[in-house]
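Report on the following structure.
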Amino acid sequence: MNLAEKICCAIRDSGYGIEAETGEKFAEYLRFLTEYNRSVNLTAITDEDGIILKHFVDSLSALPYTDCCAEVLDLGSGAGFPGVPMKLVRPDIRLTALDSSGKKCAFLRALTARIGVGAEILEGRAEETGRGTRRASFDVVVTRAVAELRVLAELGLPLLKTGGKLIAYKGRPDLEEIAAGDRAASALGGLAAELVRTATGPEARTLVIYSKTGETPSKYPRRYARITGDPI
Ligand code: SAH
């Protein structure tokens with residue numbers, strides 16, 4: 001079995017349909033990431049199985065909660081997770097990958113050109129993007145390994161349309177983190193979190209989902225130092 005077939009099997013085992021041609025794109029993604037990672041630190045996971053399961057398969061966890069043709073923002077995309085695997089498996093979504101790091105964005109631009117995946121790469125900070133023209137313009141914001149929940153709520157909810165969802169990929173968030181996230185969400189136009197345990201991938205994965213039901217007050221998001229230092 002070659003690499004593309006192996007990736008297709010892993011993705012199908014987790015319940016998603018994938019064409020052979022998309023498997024080739026994932027294989028190229030893995031090779032390009034591995035090669036690029038030798039000079040620019042993008043991921044601590046470097047073995048083939050780790051990349052397939054902990055990056056590719058894990059990234060797909062939010063797909064069942066992402067409607068057809070949704071405008072999706074990957075907040076703090078890094079090496080493309082979870083947004084790029086989501087887009088490869090579900091080409092109907094419109095993906096924007098946001099990252100504050102120029103190096104990460106350079107990688108994302110090179111990657112998307114190389115494997116032929118349509119995505120907008122946006123270099124910037126989420127709290128600044130959330131005060132600009134992209135405020136209230138996404139149906140879904142996904143985010144993995146970026147910050148604690150209350151910070152994610154303030155970074156992510158302003159970017160959502162009313163009716164949209166912020167989906168945070170978490171391991172096992174503790175009750176304190178969830179309570180602080182819920183407090184922040186309710187001040188930002190969101191509901192208390194819905195927690196979904198997923199069976200996708202090898203590790204315990206909890207998706208923490210905030211639905212946006214009203215507009216975010218214009219004073220949010222604040223500057224990053226305020227967001228982290230002065231909890232809502
Ligand atoms: N989501 C990827 C990367 C996680 S590392 C993964 O799961 O593998 C966190 C990334 O978020 C980094 O690339 C960092 O540059 C970016 N980041 C952190 N704070 C940010 C902010 N306020 N706005 C935009 N990007 C941010």
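All values reported here derive from a predicted model rather than from experimental measurement.
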Give a yes or no on whether the backbone of [Y] and the side-chain of [X] come within a donor-acceptor separation of less than 3.5 Å.
X      : Y      : result
Arg90  : Thr66  : yes
Asp99  : Cys105 : no
Lys212 : Leu166 : no
Lys25  : Leu88  : no
Thr143 : Leu75  : yes
Thr206 : Gly171 : yes
Arg94  : Val72  : no
Thr216 : Leu188 : yes

How close do [X] and [Y] get, counting heavy atoms only, and between which atoms?
X      : Y      : value
Pro221 : Gly130 : CD-O, 3.8 Å
Ala153 : Ala184 : CB-CB, 4.2 Å
Arg135 : Ser218 : NH2-CA, 3.8 Å
Gly50  : Asp47  : N-OD2, 2.9 Å
Gly124 : Leu98  : O-CD1, 3.4 Å
Tyr224 : Ala147 : OH-CB, 4.3 Å

Treating Ile, Leu, Val, Met, Phe, Trp and Tyr as nodes and any side-chain heavy-atom pair under 4.5 angstrom as an edge, say whether [X] and [Y] lie in one connected cluster.
X      : Y      : value
Val142 : Val151 : no
Leu159 : Val146 : yes
Leu157 : Ile232 : yes
Ile209 : Ile93  : yes
Leu160 : Val208 : yes

Around atom [atom1] of [X], are there more than 12 heavy atoms of other residues, nucleotides or ligands at under 6.0 Å?
X      : atom1 : value
Glu5   : CD    : yes
Arg109 : CZ    : yes
Glu120 : CD    : yes
Arg197 : CZ    : yes

Calculate, to the nearest 0.5 Å, the distance between atoms [atom1] and [atom2] belonging to [X] and [Y] respectively.
X      : Y      : atom1 : atom2 : answer
Arg172 : Leu195 : CZ    : CG    : 11.5 Å
Met86  : Leu60  : CE    : CG    : 8.0 Å
Leu207 : Ile167 : CG    : CD1   : 6.5 Å
Glu123 : Ser101 : CD    : OG    : 7.5 Å
Ile18  : Phe26  : CD1   : CZ    : 5.0 Å
Asp92  : Cys68  : CG    : SG    : 4.0 Å

Should [X] and [Y] count as an ion pair when the cut-off is N to O under 4.0 Å?
X      : Y      : result
Arg223 : Glu127 : no
Arg131 : Glu128 : no
Glu71  : Arg134 : no
Arg226 : Asp230 : yes

Report task. Show your reasoning for whether side chain to side chain donor-acceptor pair (under 3.5 Å) applies to Ser100 and Lys104. Result -> CA-CA 8 Å; Ser100 54; Lys104 304 282 171 66; over 6 Å; no

Are the side chains of [Y] and [X] in contact, using a 4.5 Å heavy-atom criterion?
X      : Y      : result
Lys161 : Phe138 : no
Ile227 : Leu155 : yes
Val84  : Leu111 : yes
Val196 : Thr198 : yes
Ile45  : His55  : yes
Thr34  : Thr46  : no

Report task. Report the relative orientation of the aromatic rings in Tyr36 and Phe107; use parallel for angles under 30°, tilted for 30 to 60°, perpendicular for over 60°. Result ->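 If you compare the ring of Tyr36 with that of Phe107, the planes turn out perpendicular.
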
Report task. Assign the ring pair Tyr29 / Phe56 to parallel, tilted or perpendicular, where the plane angle (0 to 90°) is split at 30° and 60°. Result ->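 Because their plane-to-plane angle lies in the 30° to 60° range, the rings of Tyr29 and Phe56 count as tilted.
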
**Report entry** Geometric cation-pi criterion, Arg205 with Tyr169: 6.0 Å, 45°
**Finding:**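 No, a cation-pi geometry is absent between Arg205 and Tyr169.
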
Requested in this report: List the steps and the verdict of side chain to side chain contact (heavy atoms under 4.5 Å, CB included) for Leu3 and Ile52.
Outcome: CA-CA 10 Å; Leu3 179 59; Ile52 294 172; 4.3 Å; yes

Query raised in the report: Which pairs with one or both residues in residues 146-159 pass side chain to side chain donor-acceptor pair (under 3.5 Å), sequence neighbours excluded?
Result: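 Found Glu154-Arg222.
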
**Report entry** side chain to side chain donor-acceptor pair (under 3.5 Å) contacts in which one or both residues fall within residues 173-184, not counting sequence neighbours
**Finding:**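 As it turns out, the side chain to side chain donor-acceptor pair (under 3.5 Å) pairs with a partner in residues 173-184, which skip direct neighbours, are Lys170-Glu177.
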
Report task. Assess whether salt bridge (charged side-chain N to carboxylate O under 4.0 Å, His left out) is satisfied between Lys6 and Asp49, documenting all intermediate values. Result -> CA-CA 10 Å; Lys6 182 174 169 182; Asp49 289 344; 2.9 Å; yes

Query raised in the report: Who pairs with Ser77 by side chain to side chain donor-acceptor pair (under 3.5 Å), at least two apart in sequence or on another chain?
Result: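 Per chain and number, Ser77 pairs via side chain to side chain donor-acceptor pair (under 3.5 Å) with Asp74.
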
Requested in this report: Could you walk me through whether Asp139 and Lys165 pass the salt bridge (charged side-chain N to carboxylate O under 4.0 Å, His left out) test, one step at a time?
Outcome: CA-CA 6 Å; Asp139 300 302; Lys165 277 180 287 198; over 6 Å; no

